[in-house]
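Reckoned from all heavy atoms, side chains included, excluding hydrogens, waters and symmetry mates. Throughout, residue positions are numbered sequentially from 1 according to the sequence presented.
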Amino acid sequence: MIEASEVYIPEIDEQKTILNGKKLCMKYQPLVERRVQDYKSTIVDKSSFENKIVEKLDNEKDKVGQYIRNICEIQSKDAVLGELLMWKGFYGLTDSQISAKMKIAERTIRKYKPKAFYLLAIYNDRVSYSYQTTYEFHIN
């Protein structure tokens, strides 16, 4: 007698996950930028301006604060990807503007962006899975 059973194997759909990260970046960027503008007026010392704003925003307990914390966490693990996400996700800069700020080639920015968006989606629990069905046959 032959018995068949179905097994679902989830795999991360990389392209959809990267797209989810990009959508997150586009969704939260204006909200973060608005908060940055609000905090600009409260900071007196402009020398380490970005660091102070990020520290202040990092303590907020809402979804935007969590988004900022996730980018800071990525930056602590991979400085290049984190900085790219900071410029893109906080300030909405273009690839050429980011390249000038980071002093690396624009082509390198385009190369790193998918991995940065992928990590952003993972840290924000926006991973997409594709499920494959496999059949196992057992002969008794």
Side-chain angles (χ1 to χ4, degrees):
M1 176 175 191
I2 298 177
E3 292 179 19
S5 62
E6 292 184 35
V7 178
Y8 295 102
I9 303 171
E11 289 186 11
I12 293 177
D13 186 337
E14 290 184 19
Q15 293 304 316
K16 285 184 182 177
T17 302
I18 290 168
L19 187 60
N20 288 347
K22 186 176 182 178
K23 286 179 184 177
L24 266 171
C25 196
M26 290 170 49
K27 176 182 176 183
Y28 282 106
Q29 187 276 321
L31 301 172
V32 174
E33 189 172 20
R34 189 175 314 133
R35 289 193 187 185
V36 167
Q37 294 299 325
D38 291 344
Y39 286 121
K40 271 186 181 179
S41 60
T42 63
I43 295 176
V44 178
D45 181 21
K46 303 291 185 195
S47 61
S48 59
F49 172 73
E50 279 86 11
N51 291 335
K52 289 183 181 183
I53 287 179
V54 169
E55 283 175 21
K56 198 167 201 176
L57 292 175
D58 189 25
N59 293 323
E60 296 189 7
K61 304 292 184 215
D62 60 355
K63 287 184 178 185
V64 177
Q66 183 62 45
Y67 170 79
I68 293 167
R69 273 191 298 286
N70 289 338
I71 290 179
C72 291
E73 181 74 23
I74 292 169
Q75 191 171 21
S76 71
K77 293 181 191 239
D78 189 323
V80 174
L81 295 178
E83 190 174 354
L84 185 143
L85 284 172
M86 184 189 76
W87 292 119
K88 191 73 166 171
F90 292 0
Y91 302 103
L93 300 181
T94 63
D95 292 350
S96 59
Q97 291 170 326
I98 294 170
S99 132
K101 291 270 189 192
M102 292 177 66
K103 295 180 175 60
I104 58 177
E106 191 173 339
R107 183 176 178 192
T108 306
I109 297 294
R110 286 193 302 269
K111 177 183 166 189
Y112 284 141
K113 253 191 342 185
K115 183 168 183 170
F117 288 148
Y118 183 80
L119 285 175
L120 185 62
I122 288 175
Y123 274 78
N124 285 284
D125 295 326
R126 299 291 171 92
V127 178
S128 290
Y129 293 97
S130 62
Y131 293 91
Q132 296 178 356
T133 305
T134 60
Y135 296 95
E136 296 179 358
F137 295 96
H138 303 280
I139 300 175
N140 294 341

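If you run side chain to side chain contact (heavy atoms under 4.5 Å, CB included) between N70 and each of L119, N124, L24, only N124 comes through. Only one option out of L84, L81, L85 pairs with F117 in a side chain to side chain contact (heavy atoms under 4.5 Å, CB included); it is L85. Among R35, R34, K27, the one residue that satisfies the side chain to side chain contact (heavy atoms under 4.5 Å, CB included) test with V64 is R35.
Taking the charged nitrogens against the carboxylate oxygens, K115 and D78 have no contact shorter than 4.0 Å, which rules out a salt bridge. Between R69 and E73 there is no salt bridge, since no side-chain N of the basic residue sits under 4.0 Å from a carboxylate O of the acidic one.
Remark: Y123 OH to I74 CD1 distance equals 6.0 Å, nearest 0.5 Å. To the nearest 0.5 Å, atoms CD1 (I18) and NZ (K113) are separated by 11.5 Å. Atom CD1 of residue I104 and atom CD1 of residue I109 lie 3.5 Å apart, to the nearest 0.5 angstrom. Between the OG1 atom in T108 and the CG atom in D95 there is a gap of 11.0 Å [rounded to 0.5 Å]. Atom CD of Q97 and atom CD of E106 lie 10.0 Å apart (nearest 0.5 Å).
Remark: side-chain polar atoms of K88 are not paired, donor with acceptor, to backbone N or O of T94 under 3.5 angstrom.
For the pair I68/Y28, no side-chain contact is recorded, criterion being any heavy-atom separation below 4.5 Å from C-beta on. With contacts defined as side-chain heavy-atom distances shorter than 4.5 Å, the pair Y118/E14 qualifies. Within the 4.5 Å cutoff, the side chain of M102 has no heavy atoms near those of the Y112 side chain.
A single hydrophobic cluster is seen to contain both F90 and L31, as judged by linkage of ILVMFWY side chains at heavy-atom distances under 4.5 Å, directly or through other members. A continuous path of hydrophobic side-chain contacts links L93 to V80 [ILVMFWY only; heavy atoms under 4.5 Å].
In this structure, Q15 places its CD atom where only 12 or fewer heavy-atom neighbours from other residues, nucleotides or ligands lie under 6.0 Å away.
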